Amino acid sequence: MKFVNVNDIDSYKDKKVTIKGWVYNSRSSGKIGFLMLRDGFGIIQCIVEKNKLGDESFSLFKTLTQESSIKVKGLVVKNERALGGFEILVDSFEIYQLSKDYPITPKEHGIDYLMNNRHLWLRSKKQHAILKIRHRIIKSVRDFFDNNNFTLVDTPIFTPNAAEGTSTLFETDYFDEKAYLCQTGQLYGEASALAFGRHYNFGPCFRAEKSKTRRHLTEFWMVEPEIAFCDINENMKWAENLLVYIVNEVLINNRDELKIIERDISKLQEINGPFPRLSYTECIELLKKGNYDIKWGDDFGSPEETYISSKYKKPVIVYGFPSKIKAFYMKRDPENEKVVLGMDILAPEGYGEIIGGSEREVDISVLLDRIKEEGLSRKDYEWFLDLRKYGSVPHSGFGMGIERVVAWICGLSHIRETIPFARTMTRLNP
RNA sequence: UCCGGUAUAGCUCAGUUGGUUAGAGCAGCGGACUGUUAAUCCGCGUGUCCCAAGUUCGAGUCUUGGUACCGGAGCCA
């Protein structure tokens, strides 16, 4: 008898199969029982009839508890009354293990309780769907870059120095030396871009920010392309194409999951290029008109970001930020020294910044000045400065926070559900 | 770090102006039921009322301090 996964069940109509999985829910009605079986690929209803299985087997069925692991053999039949259109008429079943007092019942639970039971919460329909979408997003990111001749080059997690300020680094003891967990792979990405032309890295980043918001994790995943011979405008185009590609892939491949999480798909269907582009200065004007107390030179807070993005249905590209509020490696605009050739992309529906990028500064003396201004040590950046000595070229890149993209595409109110095991200021377990 | 809120059964919560024996639903256990969709119906049990101190004849309820968590701000992807 063939062992099949629930997502393939429609090709086994009127055939006998074996399914292995876990009891999602079960109801019994005297002589007939309904067992919702979850196998990681889907959920299917199994019909257990007393007359067919016999008294002994039927009373064993009634002992099955939520999340007990079992193996079921039976006939696949089409039935409109079953969720998914198919069900299994059970011939026999075997128990791997009876689960006892499973903590997550089909009723409501508080978020802290659920996060404490995250290792089990992953089995729930909605969480399962979110992580399937996360997987699709990551896959489409890789496909996008792979299809466009980028090379994946992994950047280190232990680093001796900071890319953008030291206050938010996690410090570790590295054989009696200080090492930090990476905040970004960007500086290494620049080295790689000059070796491979088109580079991307994708991995975890760590920030010791004491942030308690729906948008922050201390450990999050970021994808960072870095492209040689690329200016800020081409950089924006790459970012725009990437986002359009991801949203489209999710729409094509994850209809079921989007339905489970009750995402308004029409909002995602509006995501296509080109995205609106606003200069920082235009944003300040827009905010002033909206009665925000802000002046040129101030950074946006999240209410400001939400206000700007609420004017559009698509992601908004904001460019031309004051150099003072941006990282040292961003190139100054030759036409206006006060601003940098940097850009942020704000997701719609109030999700805020999902991408930050720039054309990189190539003038070594400007870099040295900026490193000094930021209070960084030149010694730590010698290798980085080498990149400006040996065949320096215009180049650009950006970083995209995977969890923020997942939160936006899934329409979630909090980023903590977008990663399997969230790390926040107040959570290190499980 | 700052501002606001919450903490009562395994879980989600109610608990009046302080009043003597602290409740409900769900989960669990027992029973009924051959088409259920968070099945339904009947029966059963459950407490360090977050911790410490205080006010009071009397504190789940009021006060102070602490702890944990939630929401927001700043910082950022």
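Both backbone and side-chain heavy atoms feed into the values below; hydrogens, waters and symmetry mates do not. A, B, ... follow the sequence lines: proteins, then strands. Residue 1 opens every chain. Since the model is a prediction, treat every value here as computed from it, not as a measurement.
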For His199(A), what residues pass the side chain to side chain donor-acceptor pair (under 3.5 Å) criterion, not counting sequence neighbours?
Ser192(A), Asn201(A)
Taking any heavy-atom pair under 4.0 Å as a contact, classify [X]: base, sugar-phosphate, or nothing.
X         : answer
Gln45(A)  : base
Thr213(A) : base
Lys212(A) : base

Report the base-pairing partner of [N] (Watson-Crick or G-U wobble, both distances below 3.5 angstrom), or none.
N       : answer
rA9(B)  : none
rC62(B) : rG54(B)
rU37(B) : none
rU1(B)  : rA73(B)
rU48(B) : none
rA27(B) : none
rG18(B) : none

Residues, nucleotides or ligands: over 12 heavy atoms within 6.0 Å of Glu337(A) CD:
yes
Does the side chain of Thr65(A) get closer than 4.0 angstrom to OP1 or OP2 of rG28(B) through an N or O atom?
no
Can you tell me if Arg416(A) touches the phosphate of rG71(B), counting only side-chain N or O atoms and a distance under 4.0 Å to OP1 or OP2?
yes
For atom P, what is the distance between rC50(B) and rU8(B), given to the nearest Å?
6 Å
Quantified in whole Å, what is the P atom distance between nucleotide rG19(B) and nucleotide rC62(B)?
11 Å
Determine whether the aromatic ring centres of residues Tyr280(A) and Phe300(A) are separated by less than 6.0 angstrom.
yes
Mind running a 4.0 Å heavy-atom check of residues 12-29 of chain A against RNA chain B and sending the residues that fall below it, in number order?
Asn25(A), Arg27(A), Ser28(A), Ser29(A)
To the nearest Å, give me how far apart CD (Gln186(A)) and C1' (rA77(B)) are.
13 Å
Rounded off to whole Å, could you give me the NZ-to-P distance for the Lys62(A) and rA32(B) pair?
6 Å
We want to know whether Lys311(A) and Tyr307(A) form a side-chain donor-acceptor pair, criterion being a heavy-atom distance below 3.5 angstrom.
yes
What is the ring orientation for Tyr113(A) with His109(A), classed by angle as parallel under 30°, tilted 30 to 60°, or perpendicular over 60°?
parallel
Among Tyr245(A), Tyr200(A), Phe150(A), whose ring pair (Phe, Tyr, Trp, His ring centres under 6.0 Å) with Phe144(A) holds?
Tyr245(A)
Which one of Val72(A), Leu35(A), Ile47(A), Leu75(A) satisfies the side-chain contact (heavy atoms from CB on, under 4.5 Å) criterion with Val90(A)?
Val72(A)
